[in-house]
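See below for the structure under consideration.
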Amino acid sequence: MLPLLFAGIVFLFLLIGSIVFLVCLPLPWTRQYALSVALWCAMWGPCSVTLMVLAGVGLVAAAFVTKAGDLQTFHAPRLLSAFGWSYLIAGVLITTVVATASAWIHQVVVRRLTLALFRLYSAAVSAGIGSVFGWTLGWWMMYQQLSGYVWLVLWGICMLALIAGFGAAAFKGARGLRGEPPKDFTWITPAEFSGQ
């Protein structure tokens with residue numbers, strides 16, 4: 001059950017990142033940061049799972065080290081009282097630093113790719129974003145108890161359409177996702193950046 005919870009947490013943050021990506025696309029001044037902002041949101045999922053695992057390991061270690069652990073109330077919702085608000089605040093700050101550093105490095109590297117490589121990269125990432133929406137549609141269909149081969153085939157067609165649509169749109173609109181060419185510490189020319 002715990003792996004499903006962790007997968008659900010990671011997927012939730014992937015969905016949030018995908019929605020933020022779609023929100024950034026229509027606005028011209030945020031379009032070039034859409035992929036990095038989506039990555040920033042998505043990084044919260046694995047970081048949250050890591051912090052939960054560390055908290056669980058800490059609780060188990062504390063129970064075994066002190067030998068005063070009451071296993072009957074061990075799983076009671078006293079995580080915050082056991083670790084205190086300082087663990088939660090430190091976890092949020094660490095996650096913010098990790099997500100920000102990842103998004104910053106991503107932005108630096110992506111702006112130094114040639115247009116051909118960036119098109120492939122943005123198509124692959126956007127196809128993944130399309131699959132997140134496809135899985136969300138599938139889970140919504142299961143929640144509505146829509147079962148049978150017809151619904152399964154319909155979901156498969158929608159999933160393929162979302163993946164192909166997002167990927168093709170990103171491949172064609174890759175120039176709009178980039179912004180201006182970098183001026184310092186670059187290994188590509190402005191012509192390679194713009195694909196000319």
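Treat the numbers as computed from the prediction; the structure is a model and nothing was measured.
The structure places CG of Leu137 at 7.0 Å from CH2 of Trp140, a figure rounded to the nearest 0.5 Å. Rounded to the nearest 0.5 Å, atoms CG (Leu14) and CD1 (Ile19) are 11.0 Å apart. The SG atom of Cys41 lies 10.5 Å from the CG atom of Leu15; values are rounded to the nearest 0.5 Å. Here Leu152 contributes atom CG and Ile157 contributes atom CD1; the two are 10.0 Å apart, rounded to the nearest 0.5 Å. Put simply, CG on Leu54 and CD1 on Ile94 are 9.0 Å apart, with the number rounded to the nearest 0.5 Å.
If you chain together hydrophobic residues whose side chains sit under 4.5 Å apart, Val10 and Leu2 fall into the same group. With hydrophobic clusters built from ILVMFWY side chains whose heavy atoms lie under 4.5 angstrom apart, Met43 does not share a cluster with Leu88. No path of Ile, Leu, Val, Met, Phe, Trp and Tyr side chains, each step under 4.5 Å between heavy atoms, connects Val98 with Leu51, placing them in separate hydrophobic clusters. The hydrophobic cluster containing Val97 does not contain Val92, counting ILVMFWY residues as joined when their side-chain heavy atoms lie under 4.5 angstrom apart, directly or transitively. Grouping the Ile, Leu, Val, Met, Phe, Trp and Tyr side chains by contacts below 4.5 angstrom, directly or via other members, places Val57 with Met52.
What you find for Pro26 and Val23 is that their closest heavy atoms are CD-O, 3.2 Å. Contact between Gly130 and Ile163 at its shortest, heavy atoms only, is C-CG1, 4.3 Å. Of all non-hydrogen atoms in Met159 and Gly134, the two that sit nearest each other are SD-CA, 3.5 Å. The two residues Thr30 and Cys24 have their closest heavy-atom pair at OG1-O, 2.9 Å. Nearest heavy atom pair, residue Gly17 against residue Ala38, reads O-CB, 3.4 Å. Looking at every heavy atom in both residues, Ser48 comes nearest to Ile9 through CB-CG2, 4.2 Å.
Judged purely by atom type and a 3.5 angstrom limit, Ser131 uses its side chain to pair as donor or acceptor with the backbone of Gly128. Proximity of a side-chain donor or acceptor of Ser126 to a complementary backbone N or O of Ala123 within less than 3.5 Å is not detected.
The closest side-chain heavy-atom distance from Leu39 to Phe21 is not below 4.5 Å. The closest side-chain heavy-atom distance from Leu35 to Val125 is below 4.5 Å. Side-chain contact between Phe11 and Val132 is present, with heavy atoms from C-beta onward closer than 4.5 Å. In this structure, Trp104 and Val108 have side chains that are in contact, with non-hydrogen atoms separated by less than 4.5 Å.
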Exercise for review: Kindly indicate, with the supporting measurements, whether the criterion side-chain hydrogen bond (donor to acceptor under 3.5 Å, both in side chains) is fulfilled by Ser102 and Trp40.
Suggested key: CA-CA 7 Å; Ser102 299; Trp40 188 88; over 6 Å; no
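Within the structure, ring pair (Phe, Tyr, Trp, His ring centres under 6.0 Å) pairs that include any residue of residues 154-173 comprise Phe133-Phe166, Trp135-Trp155 (at least two apart or interchain).
For Gln144, the CD atom sits in a packed shell: over 12 heavy atoms of surrounding residues, nucleotides or ligands are nearer than 6.0 Å.
Partners of Ser36 by side-chain hydrogen bond (donor to acceptor under 3.5 Å, both in side chains), not counting sequence neighbours, listed by chain and number: His106, Gln107.
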